[in-house]
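The structure appears right after this line, and notes come after that.
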Amino acid sequence: MKDRTDTRLLARLAHLDRRWLYLLLVVALVVTILIEPELPEQPSLFLLPLYDRIEQLPPGATILLSVDYGPGSEPELEPMALAVTRHALARGLPVVFMSLWPEGPSQIAHIVEQVIRIEFPEAVAGQDWAVLGYKAGGEMLINALVQEVAAMYPVDAAGRAISDLAALASIHSLADFALVVSFSGGTPGLKEWILFGGDPTGVPTAGGAKGVGSPEYLAYFPRQLLGLVAGLKGASEYEEALANGHPELGSFPRPAAAGMGPQTVAHTLILLFLVFGNLDIVVRWCRRRIGGDQS
Amino acid sequence: MKRLIPRIIITVVGTLLIATSFVVKPTAGVDAPFVPRLLAYADRNFSVWFAILAVFSFALGGANLIKSHGMKVAKRRSDWPYSVITLVSFAVVLVIGLLKVGGAPGWQGAVTDAGTAFAWVFEAVYGPLQATLFSLLAFFVVSAAYRSFRLRSLEASILLAAATVILIGRTPLGVVVGDLYPDWLTFLRPDVLSMWILRVPNTAGQRAILNGISLGVVATSLRLILGLDRGGVGGRR
């Protein structure tokens, strides 16, 4: 009798109404967001080559940051874009923003507002940073940049001739950038930068990608892809590495670290549901093995 | 003629672009031989021409959107009120973007600058809508994982084990749990194991898939260049 009750309970656990799952997830996430737990972080081996490269570049070396995402990927990709921009400016490396996505310019505006205007107010537009903006074409745009940057971007987003911008004074083609980093929410994005930018020119190419998209890019690591900031966890690792490596930056905002609490809880909850879903199968399997129960 | 000209363009452009990468090194300059000079010209200009042509795809996409949703509204097909919302939204954003409402006059400043109506639509409407849509994915993922990851076969069990390791290893939980392991079990730490899964089996699988896709792309490109695949220009494959 007790066995039957147990079996029924396990079967019910394996077939919970999805609304219970949703409710539990909402409650768990809201509570974690309110508590704001601080969790330990260790930079991964995918990320360190990018961090080290930015550390080793001589001051004045220009970095191209391609903001290839829209609002849908913003929670995962913006924190890493903020961290890399902050790192580059802290090292005295001019950053040039562009985008392969139409939504890119608005995302670039977020980075400029949150990092450059607030944390580096002394940074001069056109000298320490520049925004080239969006152009259509995807991989063919990159191909054109390999030939000549001015062919596609004769002026920056503010309408100034790029020949007048100190940040781009030494840049004729893509190969003249010290590093290209694409924050990639999909296509066109990091893959196109590797195949059409990094491979033909040899310019070191790194990137950031969503957690679900990252495994695809690891096929290019480490020869064609210098480093990868993988998902929100990668961004959190970058923030940790930056905080440890540059204490002079003080306590800068760490949106990725703040997001790791809810993400950890969500992952744990999924694991719990996986256990619930499989408990019934495991118990029945054990009974068959031990007791010879064929039911 | 309607099909012949596109086929000629595909063959000429495709052949030239392949030649620029694999046959002769493109060389600019008046003294250079004709073929390397032609290739240098193609190499330099074709990408720019493509980028210019790509802009026209926006006009084509807009016209297609108006046509398909306009027809739906005109014929009162199912869910036609949503098409009205689509068309009105399209028109409003197009007008405020083209006129740069609220922005600096003329060519100064960008349409996405803070203070423009376009930037407001992006921040107040487009951004929150996309964020809402993608946030819902979290709930679907939880529900799908709960229903799909069942120990019903060896393959499903391997998938479940890998998913479990990645779920723990790709969060700070992996470090916390891993610190409980004795030194001789370091290789089984969730954070270490998850990195191994990503670096070895995942990379091997991804590279195999990429190689397969690349061979497919080469074969399809050759068929297009040689005129064997006519589907793209309106003929039979």
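Order of the sequence lines fixes the chain letters, A, B, ..., with proteins taken first and strands second; residue numbering starts at 1 for each chain. The figures here come from the full heavy-atom set of this structure, side chains too, leaving out hydrogens, waters and symmetry mates. As the structure is a computational prediction, the values presented were derived from the model and not from experiment.
The closest donor-acceptor contact from the side chain of A/H267 to the backbone of B/L167 lies under 3.5 Å. Side-chain atoms of A/Q107 do not come within 3.5 Å of backbone N or O of A/E78 as any donor-acceptor pair. B/T116 places no side-chain N or O within 3.5 Å of a backbone atom of B/G102 that could act as its donor or acceptor partner. In terms of modelled atom types and a separation under 3.5 Å, the side chain of A/T201 and the main chain of A/G197 share a donor-acceptor contact. Between the side chain of B/N45 and the main chain of B/Y41, a donor-acceptor pair closer than 3.5 Å is present. Of the possible polar contacts, one joining the B/Q130 side chain to the A/G72 backbone as a donor-acceptor pair under 3.5 Å is found.
Among the candidates A/M140, A/K135, A/H15, the residue making the largest number of heavy-atom pairs closer than 4.5 Å to chain B is A/M140. Note on A/R160, A/E216, A/E148: by heavy-atom pairs under 4.5 Å with chain B, the leading option is A/E216. For the options A/H110, A/E41, A/Q42, A/Q147, heavy-atom pairs under 4.5 Å to chain B are most numerous at A/Q147. Contact tally against chain A (heavy-atom pairs below 4.5 Å) for B/P172, B/A131, B/S135: the top residue is B/P172. Heavy-atom pairs under 4.5 Å with chain A were tallied for B/Y126, B/F149, B/F122; the largest tally goes to B/F122. Counting heavy-atom pairs closer than 4.5 Å to chain B, the top-ranked of the candidates A/A136, A/S44, A/S106, A/G261 is A/S106. Note: A/R18 leads A/E74, A/E139, A/E113, A/R18 in heavy-atom pairs under 4.5 Å with chain B. Across A/P215, A/A158, A/G138, the residue that shares the most heavy-atom pairs under 4.5 angstrom with chain B is A/P215.
Checked against the 6.0 Å centroid criterion, the rings of B/Y146 and A/F276 do not qualify as a close aromatic pair.
Proximity to chain B (any heavy atom under 4.5 Å) is shown, for A/L23, by neither the backbone nor the side chain. Neither the backbone nor the side chain of A/V275 comes within contact range of chain B; no heavy atom of the residue lies under 4.5 Å from a heavy atom of that chain. Proximity to chain A (any heavy atom under 4.5 Å) is restricted, for B/L160, to the side chain, taken from C-beta onward. Proximity to chain B (any heavy atom under 4.5 Å) is shown, for A/Y217, by neither the backbone nor the side chain. In this structure, chain B has no heavy atom under 4.5 Å from any part of A/L272. Proximity to chain B is absent for every atom of A/D156, based on heavy atoms less than 4.5 angstrom apart. When heavy atoms are compared at a cutoff of 4.5 Å, A/L45 approaches chain B by way of both its backbone and its side chain. A/L218 touches chain B through backbone and side chain together, each having a heavy atom under 4.5 Å away. For B/F50, the part lying under 4.5 angstrom from a heavy atom of chain A is the side chain only.
Listed by first then second residue, pairs satisfying side chain to side chain donor-acceptor pair (under 3.5 Å) with a partner in residues 164-177 of chain B number zero, not counting sequence neighbours.
With salt bridges taken as basic N to acidic carboxylate O contacts below 4.0 Å, one links A/E240 and A/R254. Ion pair A/R12/A/D280 not flagged as a salt bridge, since none of the NZ, NE, NH1 or NH2 atoms sits closer than 4.0 Å to an Asp/Glu carboxylate oxygen.
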